[in-house]
Novice: 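Pasting a structure here, questions to come.
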Amino acid sequence: MSSTLTTRQQDYAQWYNDIVLKGGLADYSAVRGCMVIKPYGYALWENMQAVLDKMFKDTGHQNAYFPLLIPKSFLSREAAHVEGFAKECAVVTHYRLKNDPNGGGVIVDPEAKLEEELIIRPTSETIIWSTYKNWVQSYRDLPLLINQWANVVRWEMRTRLFLRTTEFLWQEGHTAHATRQEAVEETRRMLDVYATFAEEYMALPVVRGVKTANERFAGAEDTYCIEALMQDGKALQAGTSHFLGQNFAKAFDVQFTDKHNNMDYVWATSWGVSTRLVGALVMAHSDDNGLILPPKLAPVQVVIVPIYKGPESHERINGKVNEIMNALKAKGIRVKYDSDDATRPGWKFAEHELRGVPVRIALGLRDIDNNQGEVARRDTKEKTVYPLDGIADAVEQLLKDIQAAMFQKALAYRTDNTTEVNSWDEFVRTLDEKPGFILAHWDGTPATEEKIKELTKATIRCIPLDNKLEDGKCILTGAPSIQRVLFARAY
RNA sequence: CGGGGAGUAGCGCAGGCCGGUAGCGUACCUGGUUUGGGACCAGGUGGUCGCAGGUUCGAAUCCUGUCUCCCCGACCA
């Protein structure tokens with residue numbers, strides 16, 4: 001498994017593929033566009049799930065599960081929604097196979113055609129709202145705050161590991177509220193949950209914003225998002241939260257009686273993040289030696305590598321390592337002892353760097369004699385000798401330092417690669433010479449946004465929520481504008 | 001879905017034009033020496049050449065179809 005990665009400079013896309021494959025996160029599968037998430041990658045996702053799940057529950061949500069298969073007719077109940085998803089739906093048409101009478105294995109049994117075809121969910125609004133209709137009668141039934149962890153399928157033309165696959169894992173929250181204001185608040189609350197998660201756990205700074213009409217979710221009144229900047233200067237949408245207004249309530253006739261005995265349609269939200277976050281994590285932090293994982297999410301936070309000469313020294317080191325392991329575990333730190341005799345220390349160092357383990361402790365006889373250990377941090381590759389007394393405290397602190405340093409580094413990168421431009425020339429030149437986020441004036445029309453996309457491939461990622469109002473002129477049309485919006489080329 | 005490239009041992013590749021029964025590096029197994037940044041020596045295992053058809057006495061090699069991956073484009077919350 002001698003593996004040298006393609007460098008970011010050589011070929012960024014290939015570097016990303018190399019990291020995902022050689023870092024043991026995922027593998028290609030026999031099915032077009034679908035990937036296998038390997039144990040190490042899945043462990044990362046599980047850590048993300050655990051944190052998010054707790055955040056959802058702390059904000060009052062409960063988990064439930066709705067079917068994978070959705071009657072085809074449901075999709076067309078909401079006009080914008082069907083428009084947005086129809087082109088990428090997998091359709092189930094039959095429910096049985098049979099032996100090929102001509103001996104060619106199994107074939108679809110033509111007699112087992114479904115009366116109504118089923119689609120595999122690309123998202124679950126329709127099946128969920130058809131159900132909510134039966135759950136909501138009174139304002140006392142509201143708010144309805146539900147999340148589901150699920151897989152979805154979207155028949156994408158071009159796929160990339162974690163970033164865009166045909167089937168992917170995600171969570172989707174679907175809530176119903178008595179008032180517009182309450183639903184808007186929920187939409188914003190969950191956006192904040194996502195932003196907090198990205199920044200505090202993934203060490204990934206994000207811009208909170210609202211999407212333009214062009215980029216809005218099919219069926220939403222407003223789509224909020226968090227946008228992150230990757231190391232190649234391209235933007236990645238890391239999470240979305242939608243205010244759905246009464247669109248789905250009307251499409252599925254979900255009404256309730258308020259305190260004054262008036263009937264009204266409920267107000268809705270939906271919000272989701274997916275395994276795409278794993279891709280974001282890779283592209284935001286990793287280097288040419290492999291993954292760099294933030295300590296809070298890393299499946300293994302600390303790895304201990306013994307350096308021994310012969311079995312008796314190995315034994316002696318094992319004893320010391322056990323003490324250190326116990327002290328680290330007592331603090332809830334995920335630690336692994338790599339005492340495998342089949343590979344030598346240099347190999348192990350490279351391997352754990354490839355897999356992004358935040359901290360490595362190397363321990364040899366020389367160290368034990370001096371009551372010390374060599375501690376290496378993955379993010380900076382610095383090596384420091386620590387006294388073994390109190391090493392667990394020191395490592396605990398180091399993990400916090402790494403988490404903070406990773407965020408600061410990513411933030412500094414984003415700051416350095418966010419440019420304000422004031423003219424079309426400057427806009428085009430910046431996209432070419434210094435890719436990243438670009439803040440520029442836009443006249444607010446979908447036509448102009450479309451034209452800019454056509455000319456440059458850059459899209460409006462969002463209108464930042466904390467935007468200051470500022471008079472200016474649209475970089476393309478020169479028409480008056482009241483604020484800058486965030487442009488970038490995106491994944 | 002259009003254009004280009006690729007699929008031969010776990011991984012990386014050669015062989016293919018010119019058909020003759022598959023090779024290199026690495027990994028793996030055994031034994032020994034080793035172990036502070038991807039160890040060394042010796043011996044060994046492993047492949048219906050992506051899959052399915054066809055041509056041929058004979059196909060990794062030629063022909064047809066098909067699947068998957070990569071790059072570019074179109075597409076895309």
Side-chain angles (χ1 to χ4, degrees), chain A residues 1-6 11-14 16-18 21-22 27-35 80-81 83-88 104-105 122-123 125 152 154-161 163-166 168 170 172 209-220 222-227 235-242 244 270-274 276 289-290 305-311 313-314 317 338-354 360-368 370 372-374 376 381 383 385 453-454 457 459 461-462 490-491:
Chain A
M1 213 206 284
S2 115
S3 43
T4 318
L5 301 175
T6 305
D11 184 344
Y12 190 85
Q14 192 55 48
Y16 174 79
N17 286 333
D18 281 1
L21 296 169
K22 292 180 180 171
D27 215 341
Y28 292 115
S29 74
V31 184
R32 174 185 218 118
C34 294
M35 66 174 178
H81 194 67
E83 171 84 13
F85 284 106
K87 284 171 296 190
E88 50 189 32
T123 180
E125 273 77 4
V152 288
R154 296 180 187 178
W155 216 264
E156 303 286 356
M157 286 184 174
R158 189 164 160 202
T159 56
R160 304 195 64 184
L161 295 166
L163 300 176
R164 177 170 289 113
T165 46
T166 299
F168 57 95
W170 77 344
E172 46 181 326
V210 62
K211 289 287 189 189
T212 61
N214 281 351
E215 301 277 327
R216 199 175 286 155
F217 174 74
D222 267 315
T223 287
Y224 294 85
C225 62
I226 53 173
E227 292 284 330
L236 184 85
Q237 177 177 296
T240 50
S241 185
H242 313 292
L244 302 173
S270 69
W271 27 274
V273 294
S274 71
R276 175 177 243 208
N289 295 308
V305 176
I307 296 156
Y308 52 88
K309 300 176 199 290
S313 69
H314 196 173
I317 292 168
D338 188 357
S339 66
D340 181 6
D341 192 43
T343 56
R344 292 161 75 259
W347 176 276
K348 292 174 184 173
F349 293 173
E351 191 63 18
H352 296 301
E353 277 164 15
L354 175 62
R360 176 186 77 229
I361 303 175
L363 211 61
L365 283 182
R366 201 198 300 159
D367 296 310
I368 290 181
N370 295 320
Q372 64 184 33
E374 183 197 75
K381 300 197 80 182
K383 288 189 254 192
V385 173
K453 182 179 178 183
E454 195 184 309
K457 287 188 192 165
T459 50
R461 301 320 302 153
C462 67
Y491 277 100

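Every chain is numbered from 1 and lettered A, B, ... according to where its sequence line falls, protein lines coming before strand lines. Note that this is a predicted model, so its numbers are computed, not measured.
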Novice: Base, sugar-phosphate alone, or nothing: which one does A:Gly219 contact when heavy atoms must sit under 4.0 Å apart?
Specialist: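 Touches nothing.
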Novice: Tell me whether the OP1 or OP2 atom of B:U68 has a side-chain N or O from A:Arg32 closer than 4.0 Å.
Specialist: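 The answer is yes; a side-chain N or O of A:Arg32 sits under 4.0 Å from OP1 or OP2.
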Novice: Give one of base, sugar-phosphate or nothing for A:Ala218, where a contact means two heavy atoms less than 4.0 Å apart.
Specialist: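 Nothing: the residue A:Ala218, judged by heavy atoms under 4.0 Å, touches no strand.
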Novice: Should the side chain of A:Lys383 and the base of B:G37 be counted as holding a donor-acceptor pair, with the cut-off at 3.5 Å?
Specialist: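 Answer yes: a donor N or O sits under 3.5 Å from an acceptor.
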Novice: Just verifying a value: how many Å separate A:Met35 CE and A:Phe168 CZ, rounded to the nearest 0.5 Å?
Specialist: 10.5 Å
Novice: Nearest 0.5 angstrom please: A:Glu156 CD to A:Glu88 CD, how far?
Specialist: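 Here the interatomic distance stands at 4.5 Å.
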Novice: For A:Arg276, answer base if it contacts any base atom (sugar-phosphate contacts may also be present), sugar-phosphate if it contacts only those atoms, and nothing otherwise; contact means non-hydrogen atoms under 4.0 Å.
Specialist: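 No contact.
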Novice: Expressed as a whole number of Å, how far does the P atom of B:G16 sit from that of B:C63?
Specialist: 15 Å
Novice: Write down the distance separating the P atoms in B:G50 and B:A22, rounded off to the nearest Å.
Specialist: 15 Å
Novice: Using side-chain heavy atoms (C-beta onward) and a distance below 4.5 Å, is A:Pro122 in contact with A:Val152?
Specialist: no
Novice: Can you tell me if A:Trp155 has over 12 outside heavy atoms packed within less than 6.0 Å of its CH2?
Specialist: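 No, CH2 of A:Trp155 has 12 or fewer neighbouring heavy atoms, counting only those of other groups under 6.0 Å.
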Novice: Are there any protein N/O atoms within less than 3.5 Å of an N/O atom in nucleotides 41-47 of chain B, and if so, which ones and at what distance?
Specialist:
none

Novice: Using atom C1' of each nucleotide, how far apart are B:A59 and B:A52 to the nearest Å?
Specialist: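 Result for the C1' pair: 15 Å, nearest Å.
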Novice: Classify A:Tyr28 by what it touches in the nucleic acid, base, sugar-phosphate, or nothing, heavy-atom distance under 4.0 Å.
Specialist: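 If one applies the 4.0 Å heavy-atom cut-off, A:Tyr28 turns out to touch the sugar-phosphate alone, with no base involved.
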Novice: If pairing requires Watson-Crick or G-U wobble contacts with both distances under 3.5 Å, which nucleotide is the partner of B:C1?
Specialist: B:G73
Novice: Identify whether NZ of Lys or CZ of Arg in A:Arg360 sits under 6.0 Å from the centre of the six-membered ring of A:Phe349 and within 45° of that ring's axis.
Specialist: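 Here A:Arg360 passes the 6.0 Å and 45° test against A:Phe349.
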Novice: Looking at every strand, decide which applies to A:Glu353 at a 4.0 Å heavy-atom threshold: base, sugar-phosphate, or nothing.
Specialist: base
Novice: Return the pairing partner of B:U21 with a 3.5 Å limit on both distances, Watson-Crick or G-U wobble; otherwise return none.
Specialist: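 Partner of B:U21: none.
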Novice: Testing A:His242, A:Glu172, A:Glu125 one by one against A:Ser270 for a side-chain hydrogen bond (donor to acceptor under 3.5 Å, both in side chains), which residue passes?
Specialist: A:Glu125
Novice: Pick the P atom in B:C29 and in B:U68, then give their distance to the nearest Å.
Specialist: 34 Å
Novice: Considering only nitrogen or oxygen atoms on both sides, find all protein atoms under 3.5 Å from nucleotides 2-8 of chain B and state each distance.
Specialist:
none

Novice: Flag the pair A:Glu215 / A:Arg461 as yes when at least one side-chain heavy-atom distance between them is below 4.5 Å, and no otherwise.
Specialist: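 The answer is yes; the side chains approach within 4.5 Å.
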Novice: Suppose you measure atom C1' in B:U55 against the same atom in B:U61; what distance do you get, rounded to whole Å?
Specialist: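 It works out to 13 Å between them.
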Novice: Within this structure, what is the CG-CG distance for the pair A:Leu5 and A:Leu354, rounded to the nearest 0.5 Å?
Specialist: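 One finds 5.5 Å between CG of A:Leu5 and CG of A:Leu354.
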Novice: What interatomic distance, in whole Å, is found between C1' of B:U21 and the corresponding atom of B:U8?
Specialist: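 Rounded to whole Å, the distance is 15 Å.
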Novice: For B:A42 and B:G5, measure between their C1' atoms and round to the nearest Å.
Specialist: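 Nearest-Å result for B:A42 against B:G5 at atom C1': 42 Å.
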Novice: Give one of base, sugar-phosphate or nothing for A:Asp11, where a contact means two heavy atoms less than 4.0 Å apart.
Specialist: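 Here A:Asp11 touches no strand at all.
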Novice: Nearest to the side chain of A:Phe217, heavy atoms from C-beta on, is which of B:A74, B:C71, B:A77?
Specialist: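 Shortest atom-to-atom distance from the side chain points to B:A77.
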Novice: RNA chain B: A:Glu88 or A:Asp341, which has the more 5' nearest nucleotide?
Specialist: A:Asp341
Novice: Can you name the closest pair of heavy atoms from A:Leu363 and A:Gln372 and give their distance?
Specialist: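 Closest heavy-atom pair between A:Leu363 and A:Gln372: CD1-O, 3.5 Å.
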Novice: For A:Asn214 and B:A77, is the shortest distance between a side-chain N/O and OP1 or OP2 below 4.0 Å?
Specialist: no
Novice: Could one point to a donor on the side chain of A:Arg344 or the base of B:G36 with an acceptor on the other under 3.5 Å away?
Specialist: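 A donor-acceptor contact between them is absent.
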Novice: Tell me whether the side-chain N or O atoms of A:Arg158 pair up with the base of B:C75 as donor and acceptor below 3.5 Å, since no angle test is needed here.
Specialist: no
Novice: Looking only at heavy atoms, which two atoms of A:Tyr308 and A:Ser339 are closest? And how far apart?
Specialist: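 Taking A:Tyr308 first and A:Ser339 second, the nearest heavy atoms are OH-O, 4.4 Å.
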Novice: Measure from the side chain of A:Ala350, starting at C-beta and using heavy atoms only, and say which of B:G37, B:A77, B:U35 lies closest.
Specialist: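 Closest nucleotide to the A:Ala350 side chain: B:G37.
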Novice: Quick one: look up who B:A39 pairs with, Watson-Crick or G-U, both distances under 3.5 Å, and put none if it's unpaired.
Specialist: B:U33
Novice: What distance, rounded to whole Å, do you find between the two C1' atoms, one in B:G32 and one in B:G36?
Specialist: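 The answer is 23 Å between these two C1' atoms.
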Novice: Over how many whole Å does the gap from A:Lys309 atom NZ to B:C40 atom P extend?
Specialist: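 The answer, rounded to whole Å, is 17 Å.
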Novice: Do A:Pro306 and A:Lys348 have side-chain heavy atoms sitting under 4.5 Å apart?
Specialist: yes
Novice: With distance as the sole criterion, do the side chain of A:Arg154 and the base of B:A77 form a donor-acceptor contact below 3.5 Å?
Specialist: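 Yes.
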Novice: Heavy atoms only, 4.0 Å cut-off, all strands: where does A:Trp271 land among base, sugar-phosphate and nothing?
Specialist: nothing
Novice: For B:A9, give its Watson-Crick or G-U wobble partner with both distances under 3.5 Å, or none.
Specialist: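 Per the H-bond distance test, none.
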Novice: Does A:Thr123 reach a base, just sugar-phosphate, or nothing at all? Heavy atoms under 4.0 Å.
Specialist: base
Novice: Need one value for A:Leu163: base, sugar-phosphate or nothing, where a base atom within 4.0 Å counts as base even if backbone is also close, heavy atoms only.
Specialist: nothing
Novice: Tell me: CH2 of A:Trp170 to P of B:A77, nearest whole Å?
Specialist: 12 Å
Novice: Could you check which of B:A77, B:C76, B:C71 has an atom nearest any side-chain atom of A:Lys87?
Specialist: B:C76
Novice: Between A:Thr240 and A:Gly310, which residue's closest nucleotide on RNA chain B lies nearer the 5′ terminus?
Specialist: A:Gly310
Novice: Counting any heavy atom closer than 4.0 Å, what does A:Tyr491 reach on the DNA or RNA strands: base, sugar-phosphate only, or nothing?
Specialist: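 A:Tyr491: no heavy atom of the nucleic acid under 4.0 Å.
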Novice: Just N and O in the side chain of A:Lys348: are any of them under 4.0 Å from OP1 or OP2 of B:G38?
Specialist: no
Novice: Tell me which nucleotide among B:G37, B:C76, B:A77 gets nearest to the side chain of A:Arg164.
Specialist: B:C76
Novice: Which nucleotide, if any, forms a Watson-Crick or G-U wobble pair with B:G16, using both distances under 3.5 Å?
Specialist: none
